[in-house]
Amino acid sequence: MADEKKSQQGEWSSRFAFILAATGSAVGLGNIWKFPYITGENGGGAFVLVYLLCVLLIGIPLMMAETLLGRRSKENPIHTMEILAKEAGAGQNWHYLGWLGVAAGFLILSYYSVIAGWASAYVVKAFFGSFSGASPSEVKAIFDGFVASPMQLIFWHSLFMLATMLIVVRGIEKGFEKSVGLLMPALFALMILLVGYAMTTVGYFQGLNFLFKLDFSKLTANSVLVAMGQAFFSLSLGMGAIMMYGAYLPKDVSIAKSSMIIAGADTIVALLAGIAIFPIVFSNGLQPNSGPGLVFETLPIAFGNMFGGWLFGILFFMALVFAALSSSISLIEPAVAWLIENKGFSRKKACLWSGLVAWVLGFGTIFSFNVWANVKLFERTFFELVDYLTANLMLPIGGFCIAVFAGWVMKREHSQQELDFPDNLSYVLWSFLVRYIAPVAVFLVFLNVVGVL
Ligand code: PFF
C-alpha cells in the first residue's frame with residue numbers, strides 16, 4: 001500500500017485524537033448500562049473474571065488486528081477486506097466480513113439509540129427533580145411507567161438518532177474529535193463520585209463481594225458466551241468500527257500502545273460502573289438480576305439522596321448520553337463511508353438513509369418493553385433477540401474471521417510492518433494470540449454453548 005495514501009474521509013489530527021475517538025467508541029452504554037446488568041444476571045465474580053480474560057487475550061490482540069487492517073487499506077471495512085484479500089492473494093469472499101459488520105452496526109444502533117434515548121429522558125427527569133428524595137420503589141415506578149409508554153420512547157429514540165446523524169454528517173475531524181474530548185474526563189469524574197457515594201452505603205462490601213468473589217457454580221456455558229460477547233461489544237470489536245477508525249490513523253502511531261490504552265480505559269469504566277451500582281442494589285434490597293432497567297433503577301436512588309445529587313444526576317445522565325453518542329457514530333460510520341466511497345452517495349444522503357433504516361428497526365426494541373413485551377421468538381423479545389444475535393453471534397463471528405485473516409491470510413511482513421514493534425518477541429506474542437488463542441477460544445465457546453463440549 002502506498003504510504004502517502006490517506007482516507008477520503010480525512011485523518012485524525014494526532015495519536016491522541018485517535019485514542020480519544022476509539023475510546024469514545026468503546027466507552028458507552030456497554031460499560032455503564034450493559035456490563036452491570038448482565039453481570040447481575042450471570043452471577044457476578046466468575047462472570048467478571050471470564051470477561052476480563054476475554055478482554056486481555058482476545059480483545060486487545062483483535063483491536064490491534066482491526067486497527068492495522070484499517071490503516072493498511074485506508075478504506076471502509078467492506079472495501080478494506082476486498083483490497084487486503086487481493087493483496088494477500090486470497091479469495092474475494094472476505095468482503096462478506098465487511099458486510100457482516102455493517103449489518104451488525106445497523107442492528108446494534110437500532111436498540112442502542114433507544115436505550116440512549118432513555119438516558120436522554122433521564123437528564124430531563126433529573127432536571128425536574130423527579131428523583132429527589134425518591135425511595136427505591138418510587139424510582140422503579142418512574143422507570144416502569146416510562147418504558148411502558150411507546151410514544152415517549154419513540155420521541156427520545158428519534159431525538160438521539162437525529163443527534164447521531166447530525167454529528168456523522170459533519171465528518172471525521174469536525175464532528176468526531178471535538179465531541180469526545182470533553183465528555184470522557186467528565187464521565188470518568190462522575191463515575192468516581194458515584195463510587196464515593198457507594199462507599200458510604202451499607203451494602204458496599206456486599207456489592208464488592210458480588211462483583212469480585214469467584215463462584216464458578218454460577219457460570220453456565222451461556223454466561224461464558226455472554227461474557228465473551230460483552231468483551232467484543234464493549235471494545236467495539238468484530239464489526240469494523242475500529243477498523244474504520246484505523247483507516248483514519250496516521251502511519252506513525254503505535255497501534256499496540258493505543259490499543260492497550262483504549263482497552264484499559266474501557267475496562268476501568270465498566271468496573272467503576274459495577275462498583276457504583278451493586279452496593280446500591282444491595283443497600284436497597286434490590287435484585288442484581290433485574291435486567292436492562294438496572295442502572296435506571298439504582299443510580300437515581302443515589303442522586304436522589306446524596307448531597308448535590310440534583311446537579312450530579314443531570315451531569316451524569318448528560319455524560320452518559322454523550323458517551324453513547326461517541327459510540328453510536330462509530331456504529332454507523334462504516335455503512336456511511338461505504339455508501340460514500342462505493343456507491344457515490346453524498347455524506348448527507350448516506351447519513352440520512354443509514355439513520356432512517358436504524359431508526360425504523362429501533363421500533364422493534366421500543367415495543368419489546370411494552371406492547372410486544374409478550375411477543376417472543378426463541379423465548380426472547382425482539383430486543384433480546386437483536387442483542388443476542390449481534391453481541392453473542394455476529395461480533396464473535398466477525399472477530400473470529402478478523403483474527404484468522406490478520407493471523408493466517410495476511411502476509412507476515414505486512415502485519416509486522418503495520419504493527420512496527422520495537423522487538424520481535426512482542427510480534428510473536430501478538431501473532432500467537434491472533435492465530436491460535438482468539439479463534440480457538442471463540443470456537444470453543446460456541447461449541448460449549450451448542451452442547452458439543
Ligand atoms: N462499545 C460500545 C459500548 O460499549 O457502548 C458499543 C459499540 C460501539 C459496539 C461500536 C460496537 C461498535 F462497533
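Counting starts at 1 for both ligands and their atoms, in listed order. The first residue of the sequence shown is numbered 1, and numbering continues consecutively from there.
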Ser223 and Thr220: CA distance, side-chain angles, deciding distance, side chain to side chain donor-acceptor pair (under 3.5 Å) verdict: CA-CA 5 Å; Ser223 22; Thr220 62; 2.8 Å; yes
With sequence neighbours left out, what residues match Pro250 under side-chain contact (heavy atoms from CB on, under 4.5 Å)? Glu11, Trp12, Asp252, Val253
Glu66 side-chain N/O to Gly238 backbone N/O, donor-acceptor pair under 3.5 Å: yes
Sorted by chain and residue number, the residues having a heavy atom closer than 4.0 Å to an atom of ligand 1 are Ser25, Ala26, Gly28, Leu29, Gly30, Asn31, Tyr112, Phe233, Ser234, Ser236, Met239, Ala241, Ser327, Ser330, Leu331
Phe316 versus Met191: any side-chain heavy-atom pair under 4.5 Å? yes
Atom pair CG (Leu271) and OG1 (Thr39), whose distance is rounded to the nearest 0.5 Å: 9.0 Å
Hey, is Glu333 close enough to Arg347 for a salt bridge, meaning N to O under 4.0 Å? yes
